[in-house]
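Here is the structure we will look at, set down as structure tokens.
Since we're looking at a predicted model, the values are computed, not measured.
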Amino acid sequence: MTRETYERMTENLRNNPRKVRLINGVNRVLTGVVFCVYPLFLLMLFLEKEPFLFRAIVVPAISFVAVTIFRYLLNVPRPYEKFGTEPVLDKNTRGKSFPSRHVFSVFMIAATVFVCHPDAGVLIGVLGVCLAVIRVVGGVHEPQDVIAGALIGICCAAVGYYLIPLG
């Protein structure tokens, strides 16, 4: 992404305090909803004595740690760092932009829920797409960061839930 593209993409939001508050609020609500769904889903699996519970905890946990380490090692700068501007979203983290861990997590959770409840998993995936767009137009990620986060989340789930045989 070029500086001009970044500025053009965020200018409409940046120049309107109401829109800045709105996009920050939507970012927090989407993130909060998805991250509340996951423990509730785990609780439901526990109460139903569902054997998938172990996998629904271990696969996302291992994947999250792996993505966190990968991001740390790559340490890709965020758009607002590269272009010397302030992001629209409330964020002051330096580096660790690729892949987006927010988007990775939402898609990992969506895929996890999808195993037992496909409709709910798809709905969470749609929320993940919305969050990905917000993270880009909010200036904290580039498109490749959120696309990679989504694909890595889906791939980790596919490997963890479908390719690795149960013990």
Side-chain angles (χ1 to χ4, degrees), residues 1-15 17 19-39 41-42 55-114 121 124-161 163-164:
M1 177 177 346
T2 64
R3 181 183 182 97
E4 293 76 28
T5 303
Y6 175 76
E7 287 175 348
R8 197 172 43 251
M9 191 173 52
T10 61
E11 181 179 25
N12 185 33
L13 294 171
R14 190 179 310 285
N15 295 331
K19 288 181 181 177
V20 169
R21 283 191 305 275
L22 178 64
I23 196 167
N24 273 283
V26 172
N27 180 61
R28 280 190 293 275
V29 167
L30 286 176
T31 302
V33 165
V34 174
F35 293 111
C36 286
V37 164
Y38 181 59
F41 176 69
L42 295 178
R55 226 173 231 220
I57 293 170
V58 172
V59 172
I62 291 170
S63 301
F64 184 84
V65 169
V67 164
T68 299
I69 293 168
F70 180 68
R71 281 167 42 111
Y72 176 79
L73 293 173
L74 285 181
N75 200 27
V76 174
R78 292 176 180 272
Y80 57 84
E81 290 178 273
K82 286 182 4 185
F83 305 127
T85 61
E86 290 296 315
V88 175
L89 292 178
D90 296 330
K91 190 83 171 166
N92 61 7
T93 303
R94 298 287 173 217
K96 299 183 283 290
S97 183
F98 182 88
S100 168
R101 201 168 50 186
H102 271 81
V103 174
F104 159 80
S105 297
V106 171
F107 277 86
M108 185 77 224
I109 292 167
T112 301
V113 171
F114 182 85
I124 296 167
V126 169
L127 295 178
V129 170
C130 295
L131 185 65
V133 169
I134 286 172
R135 306 291 290 175
V136 172
V137 300
V140 298
H141 284 292
E142 294 196 38
Q144 65 266 22
D145 300 340
V146 298
I147 292 167
L151 291 176
I152 292 169
I154 292 166
C155 289
C156 286
V159 168
Y161 300 139
L163 298 179
I164 297 174

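Every residue meeting the side-chain contact (heavy atoms from CB on, under 4.5 Å) condition with Glu81, not counting sequence neighbours, appears here in chain and number order: Pro77, Arg78, Arg94. Residues satisfying the side-chain contact (heavy atoms from CB on, under 4.5 Å) criterion with Ser63, sequence neighbours excluded, are Val59, Phe104, Met108, Cys156. In this structure, the salt bridge (charged side-chain N to carboxylate O under 4.0 Å, His left out) partners of Glu7, at least two apart in sequence or on a different chain, are Arg3. Considering only residues two or more places apart in sequence or on other chains, Thr10 meets the side chain to side chain donor-acceptor pair (under 3.5 Å) condition with Arg14. Among residues two or more places apart in sequence or in another chain, the side chain to side chain donor-acceptor pair (under 3.5 Å) test is passed with Thr68 by Arg101. For Lys19, there are no salt bridge (charged side-chain N to carboxylate O under 4.0 Å, His left out) partners at least two apart in sequence or on another chain. Here Ile57 pairs with Leu42, Leu53 under the side-chain contact (heavy atoms from CB on, under 4.5 Å) rule; sequence neighbours left out. Partners of Leu73 according to the side-chain contact (heavy atoms from CB on, under 4.5 Å) rule, which considers only residues two or more places apart in sequence or in another chain, are Ile69. Considering only residues two or more places apart in sequence or on other chains, Tyr161 meets the ring-ring contact (aromatic ring centres under 6.0 Å, His included) condition with Phe52.
Remark: of the listed residues Val106, Val113, Val29, Val106 is the sole one forming a side chain to side chain contact (heavy atoms under 4.5 Å, CB included) with Val34.
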Tell me which donor-acceptor pairs under 3.5 Å the side chains of residues 130-140 have, and how far apart each pair is, sequence neighbours excluded?
| from | atom 1 | to | atom 2 | distance (Å) |
| --- | --- | --- | --- | --- |
| Arg135 | NH1 | Asn27 | OD1 | 3.3 |
| Arg135 | NH2 | His102 | ND1 | 3.2 |

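At least one side-chain heavy atom of Pro60 sits under 4.5 Å from a side-chain heavy atom of Tyr38.
Here salt bridge (Lys or Arg N to Asp or Glu O under 4.0 Å) pairs that include residues 151-160, with residues two or more places apart or in two chains, number zero. Sorted by first and then second residue, the pairs that involve residues 63-85 and meet ring pair (Phe, Tyr, Trp, His ring centres under 6.0 Å), not counting sequence neighbours, are Tyr6-Phe83.
We find the CG-CZ distance between Asp90 and Arg21 to be 11.5 Å, quoted to the nearest 0.5 Å. Taken from CG in Asp145 to CZ in Arg71, the straight-line distance is 9.0 Å, to the nearest 0.5 Å. To the nearest 0.5 Å, atom CZ of residue Arg28 and atom CG of residue Leu89 are 9.0 Å apart.
The heavy-atom pair separating Gly160 from Arg55 by the smallest distance is O-NH1, 3.0 Å. Here the shortest heavy-atom pairing between Ile124 and Ala110 reads CG2-CB, 3.6 Å. In terms of heavy-atom proximity, Asn15 sits nearest to Pro17 at O-CD, 3.9 Å. Annotation for Val88 and Val20: closest pair O-CG1, 3.8 Å, computed over non-hydrogen atoms.
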Tell me, with the steps shown, if Lys96 and Asn75 meet side-chain contact (heavy atoms from CB on, under 4.5 Å). CA-CA 4 Å; Lys96 299 183 283 290; Asn75 200 27; 3.7 Å; yes
Checking side-chain contact (heavy atoms from CB on, under 4.5 Å) for the pair Phe107/Val129: CA distance, chi angles, key distance, verdict? CA-CA 9 Å; Phe107 277 86; Val129 170; 3.9 Å; yes
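Counting only distance, with no hydrogens or angles, the side chain of His141 and the backbone of Ser97 share a donor-acceptor pair below 3.5 Å.
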